[in-house]
Amino acid sequence: MIEKKEDAREKRSMNFIESIVEEDLRQGRDDGRVHTRFPPEPNGYLHIGHAKAICLDFGIAEKYRGKCNLRFDDTNPTKEDVEYVDSIKEDIRWLGFDWEEREYYASDYFGQLYDFAVDLIKKGLAYVDDQSSEEIASQKGTPTEPGIPSPFRDRPIDENLDLFQRMNTGEFPEGSRVLRAKIDMASPNMHMRDPVIYRILYHPHHRTGSTWKVYPMYDFAHGQSDYFEGVTHSLCTLEFEVHRPLYDWLVEHLRADDYRPRQTEFNRLNLSYTVLSKRMLLELVEKEHVNGWDDPRMPTLTGLRRRGYTPESIRNFNDSIGYTKVMANNDVGLLEFAVREDLNKRAPRVMAVLNPLKLIITNYPENTTEEMETINNPEDESMGSRKIPFSREIYIEREDFMEDPPRKFFRLGPGREVRLKSAYIIKCEDYKKDKDGNIVEVCCTYDETTRSGGPEANRKVKGTLHWVSAKHAVEAEVRLYDRLFSDPEPAGHKDKKPADFLNPGSLRVITGYVEPSLKEAKSLDHFQFQRLGYFNVDPDSSSGKLVFNRTVSLRDNWAKKG
RNA sequence: UGACCCGUGGUGUAACUGGCAACACAUCUGAUUUUGGUUCAGAAGAGUCCAGGUUCGAGCCCUGGCGGGUCAACCA
């Protein structure tokens with residue numbers, strides 16, 4: 001009964017790709033094999049949009065007890081580099097996926113691909129074109145008009161064979177000749193109008209060196225690589241939809257058996273208040289609008305990791321947005337929700353004051369330090385508790401005191417009482433200002449019987465404040481991040497560039513005071529600064545200088561109303 | 001003026017072979033709380049782009065519109 005219910009729920013939440021896979025399984029296609037691949041080009045860093053594809057590719061394989069290959073789509077040596085290979089692998093592993101021993105490269109297949117090209121030539125299905133790219137483009141036609149055939153279209157097979165072979169031995173300069181598939185210059189699909197499948201490139205390849213002088217184009221490598229690897233479901237984003245007929249055409253001419261991989265397209269990720277194209281991200285880095293690919297404001301996986309996002313939160317986010325064929329605009333708020341939800345369960349609560357105001361407890365003994373017991377995480381008792389020092393002078397948050405507070409202000413003001421988290425209830429007796437009218441000090445008295453755990457500790461007071469003992473406080477650099485762009489769709493304006501919407505306040509560096517236990521914090525450790533937000537330790541942090549990043553603030557119903 | 005894809009609360013998704021439009025985020029109440037966090041209870045918000053058609057019955061099928069996206073790199 002219960003099982004049936006769960007079945008129903010799973011069925012209901014199944015996305016269209018899972019439906020396709022299940023239908024294939026039902027029909028016994030591919031002997032019940034499910035095999036996917038994640039095919040990054042090693043020419044840049046992975047971002048949250050790639051994570052969406054990774055979660056799908058590896059997720060489908062996992063769910064249907066299949067396999068997912070990692071395959072680097074390295075067919076363009078002028079843009080690719082090993083540097084990226086390593087970062088891509090690191091990011092995928094960080095997300096929690098494993099390609100086992102199946103790390104492949106399109107360049108592994110250059111030999112087979114070359115043989116296939118020769119085979120197409122022999123069948124009269126490919127020819128060498130001596131024209132320039134401009135000439136070829138001018139003959140391509142437009143979406144509404146058919147193209148016109150190249151003057152080299154009917155070149156004899158032997159001549160094609162000879163020329164293609166010589167293209168690869170370095171006899172001809174780059175750009176002088178290409179190999180084209182002979183399909184249909186009048187096709188309504190531009191990709192079928194005799195697409196270029198090989199071009200001459202002298203740039204050394206990061207894996208094959210200078211072995212090859214001709215390199216296959218994406219379309220001539222992708223489907224075939226899928227075929228060579230036994231991929232059953234080749235999942236890619238919507239813009240490749242128009243490539244599918246070419247994908248199928250090539251696989252059809254390549255295959256030697258009944259098996260054929262099939263391409264299915266899903267919607268790419270769009271996130272509000274950010275950009276997700278390699279070109280624009282590169283521009284942010286190059287124009288130094290951010291401090292590199294791992295800047296915590298970047299939507300790259302390395303940036304998100306440094307910011308304090310957890311792999312689980314990114315995976316949960318991906319589960320929540322789903323996979324469809326609709327152009328989606330996802331709210332970055334959902335990503336923030338996902339990380340709060342995850343960090344709420346796992347981040348230890350600590351005391352930190354970011355905008356300090358000195359508070360003196362006038363009736364508390366001088367030169368005395370009490371160790372206050374405090375719970376590490378109310379969401380998880382197993383995380384235990386620790387001691388934090390308390391003394392006569394503490395720092396509280398400047399925002400937690402108002403000279404003339406409104407009625408609904410649950411914090412400190414003249415004559416008001418407030419609880420200090422894990423310590424005492426205090427009452428504001430006085431405050432001091434400087435010449436300019438700035439409040440510089442708040443004087444309070446405490447009630448000894450209200451010590452946490454003490455007899456009067458449960459007395460009701462409106463607010464609870466976080467604090468740090470002034471004498472024990474540790475200085476820390478705190479980096480507060482806000483959205484990089486001030487516009488919900490920075491790349492969605494015809495007359496303006498994303499750079500026009502850069503948020504000047506996206507990074508604010510301040511000095512805060514944190515409790516002494518944080519001296520032991522390790523790089524990338526997550527914390528909740530009580531009442532402030534989730535923070536993690538930046539890799540810039542050292543034993544001499546703590547550096548924290550704000551991952552995300554806490555939800556704040558009060559601030560919203562204010 | 002072509003081909004292909006797509007239109008469901010503000011956003012993202014769901015609704016098995018037609019059967020009371022569901023969920024999450026966001027929003028708004030209220031309760032609890034030694035975090036204005038969390039948690040809990042609840043509310044509001046779409047009648048499914050439009051117009052026809054088939055049907056006892058259409059978000060789902062058919063026709064025609066309208067709107068959005070993609071495609072004319074020797075990029076992937």
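In the text below, chain A, chain B and the rest are named by the order of the sequence lines, each starting its count at 1.
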[N] and [M]: how far apart are their [atom1] atoms, nearest whole angstrom?
{"N": "B:U70", "M": "B:U63", "atom1": "P", "value": "26 Å"}
{"N": "B:U13", "M": "B:U55", "atom1": "P", "value": "35 Å"}
{"N": "B:U8", "M": "B:C49", "atom1": "P", "value": "6 Å"}
{"N": "B:G53", "M": "B:A58", "atom1": "P", "value": "12 Å"}
{"N": "B:U17", "M": "B:C60", "atom1": "P", "value": "14 Å"}
{"N": "B:C61", "M": "B:U48", "atom1": "C1'", "value": "16 Å"}
{"N": "B:A22", "M": "B:U54", "atom1": "P", "value": "29 Å"}
{"N": "B:U38", "M": "B:A46", "atom1": "P", "value": "27 Å"}

For residues 337-350 of chain A, the side-chain hydrogen bond (donor to acceptor under 3.5 Å, both in side chains) pairs (sequence neighbours left out) are A:Thr310-A:Asp342, A:Glu312-A:Arg346, A:Asp342-A:Arg346, A:Asn344-A:Arg349, A:Arg349-A:Asn377

Can you tell me if [X] uses its side chain to pair, donor with acceptor, with the backbone of [Y] under 3.5 Å?
{"X": "A:Asn168", "Y": "A:Lys213", "value": "yes"}
{"X": "A:Ser272", "Y": "A:Val332", "value": "yes"}
{"X": "A:Arg419", "Y": "A:Ala457", "value": "yes"}

Side-chain-base donor-acceptor pair under 3.5 Å for A:Ser452 and B:U34: yes

Check: A:Arg411 side chain, B:G36 base, donor-acceptor under 3.5 Å: yes

Could you tell me whether A:Tyr424 and A:Tyr446 have their ring centroids closer than 6.0 angstrom? yes

Would a line drawn from the ring center of A:Phe164 to the ring center of A:Tyr198 be shorter than 6.0 Å? yes

Walking RNA chain B from its 5' end, the first of A:Asn330 and A:Thr450 to be reached, judged by nearest nucleotide, is A:Asn330

Do [Y] and [X] meet the salt-bridge criterion of a basic N to acidic O distance under 4.0 Å?
{"X": "A:Asp194", "Y": "A:Lys182", "answer": "no"}
{"X": "A:Arg459", "Y": "A:Glu456", "answer": "no"}
{"X": "A:Arg531", "Y": "A:Asp400", "answer": "yes"}

Using whole Å, what does the distance between atom [atom2] of nucleotide [N] and atom [atom1] of [X] come to?
{"X": "A:Glu23", "N": "B:U17", "atom1": "CD", "atom2": "C1'", "answer": "11 Å"}
{"X": "A:Arg555", "N": "B:C40", "atom1": "CZ", "atom2": "P", "answer": "12 Å"}
{"X": "A:Leu334", "N": "B:G10", "atom1": "CG", "atom2": "C1'", "answer": "13 Å"}
{"X": "A:Met192", "N": "B:G2", "atom1": "CE", "atom2": "P", "answer": "21 Å"}
{"X": "A:Gln530", "N": "B:U38", "atom1": "CD", "atom2": "P", "answer": "13 Å"}
{"X": "A:Glu379", "N": "B:C40", "atom1": "CD", "atom2": "P", "answer": "10 Å"}
{"X": "A:Lys460", "N": "B:U32", "atom1": "NZ", "atom2": "P", "answer": "8 Å"}
{"X": "A:Phe410", "N": "B:U32", "atom1": "CZ", "atom2": "P", "answer": "12 Å"}

Taking syn as a glycosidic torsion within 90° of 0 and anything else as anti, which one is B:G47? syn

Could you go through the salt bridge (charged side-chain N to carboxylate O under 4.0 Å, His left out) check for A:Glu370 and A:Arg451 one step at a time? CA-CA 11 Å; A:Glu370 274 186 280; A:Arg451 190 187 205 271; 2.7 Å; yes

Which is true for [X] with a 4.0 Å heavy-atom rule: it touches a base, it touches only sugar-phosphate, or it touches nothing?
{"X": "A:Arg193", "answer": "nothing"}
{"X": "A:Phe16", "answer": "nothing"}
{"X": "A:Ser187", "answer": "nothing"}
{"X": "A:Ala457", "answer": "base"}
{"X": "A:Lys421", "answer": "base"}

How does protein contact run along nucleotides 66-76 of chain B, one letter per nucleotide 5' to 3', with B for base contact, S for sugar-phosphate only, - for none, heavy atoms under 4.0 Å? ----SSB-BSB

Between which residue ranges does RNA chain B form stems of three or more consecutive Watson-Crick or G-U wobble pairs, both distances under 3.5 Å? B:2-7 with B:66-71, B:10-13 with B:22-25, B:27-31 with B:39-43, B:49-53 with B:61-65

Applying side-chain hydrogen bond (donor to acceptor under 3.5 Å, both in side chains), run through A:Tyr309 and A:Glu336 and close with a yes or a no. CA-CA 9 Å; A:Tyr309 276 77; A:Glu336 293 170 348; 5.0 Å; no

Taking the side chain of A:Ala328 as its heavy atoms from C-beta onward, which of B:C25, B:G12, B:G36 lies nearest to it? B:G12

Does B:U13 have its OP1 or OP2 closer than 4.0 Å to a side-chain nitrogen or oxygen of A:Asn15? no

